[in-house]
Number of protein chains: 2
Amino acid sequence: MMSKKCKYAIKAMVRLAANYQKGSLSTAIIAADENIPKKFLEQILLELKQAKLVNSKQGIGGGYYLLKSPNEVSMAELYRIFDGPIALVPCVSLYYYEPCDDCPDEAACYLRKEMIKVRDKTRTAMMKATLQSFLDNQKSIKQQTKRTL
Amino acid sequence: MMSKKCKYAIKAMVRLAANYQKGSLSTAIIAADENIPKKFLEQILLELKQAKLVNSKQGIGGGYYLLKSPNEVSMAELYRIFDGPIALVPCVSLYYYEPCDDCPDEAACYLRKEMIKVRDKTRTAMMKATLQSFLDNQKSIKQQTKRTL
DNA sequence: ACATTGTCTACCAAATTTGTAGAATATTAT
DNA sequence: ATAATATTCTACAAATTTGGTAGACAATGT
């Protein structure tokens, strides 16, 4: 499971993506719109700034804005920032590699091959899930509810 | 990431799979072979028994043995027992469904579609990773080290 | 000057993880 | 019978992670 922090980050990023190149959004607005505790969201947005995914402006009319195009930011990237490795075991992680402490000889590990397969499938799917794809979903959902009215 | 408990469970199950229909193995032996804290492993094996994946015999010569064929038990099943949902968010979990508490209207959630895709890819890969596939890996690794000698 | 908004650090409660401890129970060999 | 072996069951606990809150401070626009 993904942490709430990570899910909040995704929702905040989608909100910023919807506002891409249209100025900045305040934490308060994003928090209210997306149902995220404001003070918690502040920390999250700071981390996103450190990761160079967003930038901010202080003062009245200030807030956060996306630095990259919505199709350049994926769930995989956000997951790694907030929840760490996508891999199920550290010894097959691409970005957070560590030897497993219960594993005396990595080359002899009969788990790795399947762990790598799982990682790759998950990773690919998570990389395909870009902010843009979320925006597209949002749009098509809105279209659908409009039709049913 | 997978919990250590789950990883231990997989290793223990592979060990039992290697001994399938050849009698029972004691906790002590499995713990020593697979580098798992014995007392912790006891708890794990009890949970596996409750899940009807293994059975046990007490007393001298006793221990645990696999109830199902090695190709009938997958990593997906073990993951669910020890780490819960494979899905990244509760609202797309097949076995542990729950509404997300930050989500007012599930039908309007623009995250679900991609979350379902990720879940399905991960799930499929985890279901393909059966105890038998681990045994096969183990065998081919042993063959390989034999050739390099 | 003042209201607004982000920045930074510290703190905190609850849950989860990763075990350990020990007594009780069942089984088997002698 | 009894000793040895092995599972069963319950409780406990330290360390880490999660999901936040609080408050002082800094920057910015009007």
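So that the names make sense, note that chain A is the first sequence line, chain B the second, and so on, each numbered from 1.
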task = Output yes when B:Lys68 and B:Glu77 qualify as a salt bridge under the 4.0 Å nitrogen-oxygen rule, no when they do not.
result = yes
message = Quick check on A:Tyr95: does its OH atom have over 12 non-hydrogen neighbours (other residues, nucleotides or ligands) under 6.0 Å away?
response = no
message = I want to check one thing: is the phosphate of C:dG6, taken as OP1 and OP2, less than 4.0 Å away from some side-chain N or O of A:Tyr65?
response = no
key: Exceeds 12 heavy-atom contacts within 6.0 angstrom, atom CD of A:Glu106   = yes
task = Strictly below 4.0 Å, heavy-atom distances to any atom of DNA chain D: list the hits from residues 46-55 of chain B, or just say none.
result = B:Leu46, B:Lys49
query = Is the side chain of B:Thr27 donor-acceptor paired with the backbone N or O of B:Gly63 at a distance under 3.5 Å, no angle test?
reply = no
message = Rounding to an integer number of Å, can you tell me how far B:Tyr79 OH sits from C:dT17 C1'?
response = 14 Å
request  = Do nucleotides 25-30 of chain C as a string where each nucleotide becomes B, S or -: B if the base has a protein heavy atom under 4.0 Å, S if just the sugar-phosphate does, - if no protein is that close.
outcome  = BBBB--
B:Thr122/A:Thr122 under side chain to side chain donor-acceptor pair (under 3.5 Å): CA gap, chis, key distance, verdict = CA-CA 5 Å; B:Thr122 306; A:Thr122 305; 2.8 Å; yes
task = Could you check B:Leu53, B:Asn19, B:Leu131 and say which one makes a side chain to side chain contact (heavy atoms under 4.5 Å, CB included) with B:Leu66?
result = B:Leu131
request  = Can you measure from OG1 (A:Thr130) to CG (A:Leu78) and round to the nearest 0.5 angstrom?
outcome  = 10.5 Å
key: N/O donor-acceptor pair under 3.5 Å between B:Ser133 side chain and B:Ala129 backbone   = no
Base-contact (B) and sugar-phosphate-only (S) positions in nucleotides 14-23 of chain D, heavy-atom cut-off under 4.0 Å, - elsewhere = -----BBBBB
key: A:Arg119 side chain to A:Val92 backbone, donor-acceptor under 3.5 Å   = yes
query = Is the shortest side-chain N/O distance from A:Ser56 to OP1 or OP2 of C:dT5 below 4.0 Å?
reply = no
task = Under the side chain to side chain donor-acceptor pair (under 3.5 Å) rule, what do A:Ser24 and A:Lys57 come out as? Steps first, then yes or no, please.
result = CA-CA 8 Å; A:Ser24 58; A:Lys57 262 174 57 184; 5.2 Å; no
ask   = According to a strict under-4.0 Å criterion, is B:Thr27 in side-chain N/O contact with OP1 or OP2 of D:dT7?
value = yes
ask   = Should the heavy atoms of other residues, nucleotides or ligands under 6.0 Å from OH of A:Tyr96 be counted, would the total exceed 12?
value = yes
inquiry  = What is the separation between atom CD1 on B:Ile44 and atom P on C:dT17, rounded to the nearest whole Å?
reply    = 12 Å
